[in-house]
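Some notes on the structure that comes next.
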Amino acid sequence: MKVLFMCTANSCRSILSEAMFNHLAPPGFVAISSGSFPKGQVLPRSLSTLQAAGISTEGLYSKGNDAFEGSPPDVVITVCDKAAGEACPVYFGPALKAHWGLEDPSDVQGDEALVDAAFKATLETIETRCRAFFALPFDRLSAAELKAELERIALL
């Protein structure tokens with residue numbers, strides 16, 4: 001199963017999600033990320049947060065929707081934060097769609113410890129959601145049931 005994590009800039013939340021998902025993924029699952037307006041670079045703090053957690057950053061880069069051209073995803077998960085007034089990107093393909101909103105830790109203002117804590121908390125939320133995703137009985141779920149489960153996971 002191929003999962004696409006989407007956000008606006010593809011420099012933080014979707015990158016963290018792609019890396020954590022692939023770090024935890026059993027065989028047969030893979031994630032990619034993209035942005036509707038890719039920043040063109042991954043935030044250094046995103047990379048250092050992943051590295052501190054022992055998660056590979058190899059191959060991570062900020063990319064647009066052409067990243068999955070020719071290999072459409074099965075599931076698309078947007079991770080933008082609607083509460084912040086950010087417009088979520090839209091995927092028009094046939095994939096199952098879900099929204100796992102995350103506050104943008106790069107918007108946190110304060111000292112290094114506060115910013116680090118925001119990035120770590122975001123990564124922990126992503127890990128919790130990914131673990132819940134992998135615990136699903138995929139072979140017994142209809143598309144509608146999977147959609148409901150994805151919506152439930154968004155609340156974790």
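It should be emphasised that the depicted structure is a prediction, and the values quoted were computed from it without experimental measurement.
At least one side-chain heavy atom of Asn10 sits less than 4.5 Å from a side-chain heavy atom of Ile15. The closest side-chain heavy-atom distance from Leu146 to Phe138 is below 4.5 Å. A heavy-atom distance below 4.5 Å is found between the side chains of Leu4 and Ser34. A heavy-atom distance below 4.5 Å is not found between the side chains of Glu18 and Val79. His23 has its side chain out of reach of Leu50: every pair of non-hydrogen atoms, C-beta onward, lies at least 4.5 Å apart. A 4.5 Å side-chain heavy-atom check between Met20 and Glu124 finds every atom pair outside the cut-off. Put simply, the side chain of Lys2 does not reach to within 4.5 Å of the side chain of Pro72, judged on heavy atoms.
Of the possible donor and acceptor atoms, one in the side chain of Ser56 sits under 3.5 Å from a partner among the backbone N and O of Glu58. Looking at Arg129, its side chain does come within 3.5 Å of a backbone N or O of Trp100 through a donor-acceptor pair. Between the side chain of Asp81 and the backbone N or O of Gly101, no donor-acceptor pair lies under 3.5 Å. A donor-acceptor pair is defined here as one N or O able to donate and one able to accept, closer than 3.5 Å; such a pair exists between the side chain of Ser62 and the backbone of Lys39.
With rounding to the nearest 0.5 angstrom, the SG atom of Cys12 is 10.0 Å from the CZ atom of Arg45. Here the NZ-CD distance, from Lys147 to Glu145, works out to 14.5 Å after rounding to the nearest 0.5 Å. To the nearest 0.5 angstrom, Ser17 atom OG is 13.5 Å from Ile32 atom CD1. We find the OG-CG distance between Ser48 and Asp116 to be 6.5 Å, quoted to the nearest 0.5 Å. The distance from the CG atom of Asp104 to the OG atom of Ser11 is 7.0 Å, given to the nearest 0.5 Å. Distance check: Leu102 CG to Leu16 CG gives 8.5 Å after rounding to the nearest 0.5 Å.
Note on residues 46-55: no pairs pass salt bridge (Lys or Arg N to Asp or Glu O under 4.0 Å), not counting sequence neighbours.
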*Could you walk me through whether Lys63 and Ser33 pass the side chain to side chain contact (heavy atoms under 4.5 Å, CB included) check?*
CA-CA 7 Å; Lys63 52 209 163 290; Ser33 65; 3.3 Å; yes
*In sequence, state the C-alpha distance, the side-chain angles, and the governing distance for Lys120 and Thr49, and then conclude on side-chain hydrogen bond (donor to acceptor under 3.5 Å, both in side chains).*
CA-CA 7 Å; Lys120 287 177 187 168; Thr49 299; over 6 Å; no
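Among all heavy-atom pairs drawn from Ala19 and Ile55, the shortest one is O-CG2, 3.7 Å. Counting all heavy atoms, side chain and backbone alike, Val115 lies closest to Gly110 at CG2-O, 3.9 Å. Closest non-hydrogen pair, Leu24 versus Cys130, comes out as CD1-CB, 3.8 Å. For the residue pair Arg13 and Ile126, the shortest heavy atom distance occurs at O-CD1, 4.0 Å.
Residue Thr122 is tested with Pro105, Ser46, Ser106 for a side chain to side chain contact (heavy atoms under 4.5 Å, CB included); the sole match is Pro105.
Summarising the local packing, CZ of Phe37 is surrounded by 12 or fewer heavy atoms from other residues, nucleotides or ligands at distances under 6.0 Å. For Glu103, the CD atom sits in a loose shell: 12 or fewer heavy atoms of surrounding residues, nucleotides or ligands are nearer than 6.0 Å.
Clustering ILVMFWY residues whenever any of their side-chain heavy atoms sit less than 4.5 angstrom apart, transitively, puts Phe134 in a cluster other than the one holding Val30. Under the 4.5 Å side-chain heavy-atom criterion for ILVMFWY residues, no single connected hydrophobic cluster contains both Val3 and Tyr61.
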